[in-house]
2 protein chains.
Amino acid sequence: MAAQTGSQAVERASALLGLIVESGAPRTFSSLVDELGLAKSTTSRLLQALERSRLVYRDRAGAFRPGALFSLHAARPSALHDLSELARPTMEHLSVLSRETVNLAVPRGGQLVSIDQVDSRYLVGATNWVGVDVPAHCTASGKVLYAYGALPLPTGQLERRTAHSPVDRAQLEHALVEVRRRGWAASLDELELGLTAVAAPVRAVDGSVVAAVSVSGPTSRINDNGITKLGDAIVAELRGLSALLGHQPGRKEGFA
Amino acid sequence: MAAQTGSQAVERASALLGLIVESGAPRTFSSLVDELGLAKSTTSRLLQALERSRLVYRDRAGAFRPGALFSLHAARPSALHDLSELARPTMEHLSVLSRETVNLAVPRGGQLVSIDQVDSRYLVGATNWVGVDVPAHCTASGKVLYAYGALPLPTGQLERRTAHSPVDRAQLEHALVEVRRRGWAASLDELELGLTAVAAPVRAVDGSVVAAVSVSGPTSRINDNGITKLGDAIVAELRGLSALLGHQPGRKEGFA
DNA sequence: GTCCAAAGTTTCACATTATGGAACCCGAGT
DNA sequence: ACTCGGGTTCCATAATGTGAAACTTTGGAC
């Protein structure tokens, strides 16, 4: 049985709020009652308190969604900062393992946005990618977000950055199939000659991909340590971060 | 005194969470104790419950920030949907008042993103702008977001859409000064000949601008009803929406 | 290193609050 | 009309939350 923490009511209300936030779809009153197992009257009263506190709102059909405080948070630039703080321990662990540059990127406004970085521990290979505008199809993170539908596929002519850049659509599509098969993506001299990156997805509770974490460095060094080995290591490391976002391995991990 | 709601503990914890989410900066333990006036021990216990529930996290200095559930929500496409649901009543009221097209736009990835629209009640003037890529400096909403620092100013050459488009930087800068003076922005035949829009800012708790709401229609009709009158009406209508995001009129409303 | 104040946590008696069963309300469907 | 599902309100009482006080930890000054 749960230890006494002096905050049972708060924990119950928080559990309700967690179910609502983690849900991809609006939650009905009775589904919340069934899942949490509290009395209807208790559930009703806790939800009313959450509603008054702007933590949930009821849509037109009466189902529950995250409320104004969540929208306020999401609307501010600091939301990205909080996400990168959440990811920071994972990124620093990857930095220790790989000794290379670790980068966190998210889809924003239909584009790839790099929001945080842990720098390489080598003297060579220290490019700061945060805030830098790059063609997503040439990057490992971009391929991850495309492969799992977190970014709309690019339209128009694909930009060529190097002789290795995937400017042919069929070539890119094939690469995305490979990403989905392996669970990670690679970019070999495609953004910049001599630069290789490997990236894997960060998933939310329903398996949808919300971010990508990449490890990048000079092609020679990354090759020497093994691209497949690195890809699998990133996937393994991101399990913890995805779990913080409510993701449980074994759940559907397909096209979001 | 407050009526008995049977959820005092939840309301207290929610009030703490609200202070943390509304704060632009991390909140210290003692500032929360001072502001809410609860006993230190009660405050400590409630914050611990919120932390266990992933609703807050403590940064390296031990100060409190919105937790993983907020980051999860912000990272998902549905966050924009929830923001537009929050704005919907205001937008529909503006639609009734103006009988024109009402649009909600946010800054995302350094760009202007239109996320919701209430259509004109006239037969003429029904363009759907949601998801359409437009040069922000030619739009009323874009000018609002630039004027208040919610969007980085455009770099490079300013695109010309019509003979009225502000392609000269000094011209644009002057327009932004005017936006800040009046509290709303206008775009007269600048995006499209015959199209005029007026927009005003949606503000968060600290006065920072997080979105813009515009009313647009044929230039002749908008002119007939008066641009200044429309601008002032939008500003007045958005007070309620900004209040939902914790904004209180009279607080600093300057450059965010 | 020591000392001290501030930040924060734990303990516990008991007053207050949260709980859940039952009654009730409302709207939709038959 | 009745039934059912989604909720809300009521209320007796058991359980929990509360805050004062004691205690611990941390950071800065000397």
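Order of the sequence lines fixes the chain letters, A, B, ..., with proteins taken first and strands second; residue numbering starts at 1 for each chain. Values below: all heavy atoms of this structure, side chains included; hydrogens, waters and symmetry mates excluded.
- One interatomic measurement links the two molecules: CD of B:Glu11 to P of C:dA18, which rounds to 8 Å at whole-angstrom precision.
- For C:dT9, the OP1/OP2 oxygens have no side-chain nitrogen or oxygen of B:Arg45 closer than 4.0 Å.
- Taking 4.0 angstrom as the limit, B:Arg12 places a side-chain polar atom (N or O) nearer than this to OP1 or OP2 of D:dG19.
- Taking for each of A:Thr28 and B:Gln8 the nucleotide of DNA chain D with the nearest heavy atom, the 5'-most of the two is the partner of A:Thr28.
- Judged by distance alone, the side chain of B:Ser78 and the main-chain N or O of B:His81 form no donor-acceptor pair under 3.5 Å.
- For the pair B:Leu32 CG and C:dA6 P, the computed distance is 18 Å after rounding to whole Å.
- Comparing atom distances between the A:Ala9 side chain and each of C:dT19, C:dT10, C:dA7 picks out C:dT19 as nearest.
- Rounded to whole angstrom, the span from the CZ atom of A:Arg58 across to the P atom of D:dG6 amounts to 12 Å.
- Across all strands, B:Ser30 comes closer than 4.0 Å only to sugar-phosphate atoms, never to a base (heavy-atom distances).
- In terms of modelled atom types and a separation under 3.5 Å, the side chain of A:Ser31 and the main chain of A:Arg27 share no donor-acceptor contact.
- When each of A:Pro107, A:Ser242, A:Pro201 is tested with A:Val209 by the rule side-chain contact (heavy atoms from CB on, under 4.5 Å), just one qualifies, namely A:Pro201.
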Apply side chain to side chain donor-acceptor pair (under 3.5 Å) to residues B:Ser114 and B:Asn103 and explain how you reach the verdict. CA-CA 7 Å; B:Ser114 171; B:Asn103 198 279; 2.8 Å; yes
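- One interatomic measurement links the two molecules: CZ of A:Arg27 to P of D:dG6, which rounds to 13 Å at whole-angstrom precision.
- Remark: the A:Ser41 side chain and the C:dG20 base include a donor-acceptor N/O pair separated by less than 3.5 Å.
- For the pair A:Leu16 CG and D:dG7 P, the interatomic distance rounds to 13 Å; values are reported in whole Å.
- For A:Leu46 and D:dG7, the CG to C1' distance is 14 Å, given to the nearest whole Å.
- Taking the charged nitrogens against the carboxylate oxygens, A:Arg65 and B:Glu85 have no contact shorter than 4.0 Å, which rules out a salt bridge.
- Atom pair A:Arg52:CZ and D:dT8:P shows a separation of 11 Å (rounding to whole Å applied).
- The separation between A:Lys40 atom NZ and C:dC24 atom C1' is 11 Å, rounded to whole Å.
- The nucleotide whose nearest atom lies closest to any side-chain atom of B:Gln48 is, among C:dG20, C:dA18, C:dT9, C:dT9.
- When distances run from any side-chain atom of B:Phe29 to the nucleotides C:dA18, D:dT8, C:dT9, the shortest one goes to C:dT9.
- Nucleic acid contact class of B:Ser7 (heavy atoms, under 4.0 Å, all strands): sugar-phosphate only.
- The residue among A:Glu51 and A:Val10 whose nearest nucleotide of DNA chain D is located toward the 5' end is A:Glu51.
- Contact annotation: A:Thr42 does not reach the phosphate of C:dT19 (side-chain N/O to OP1 or OP2, under 4.0 Å).
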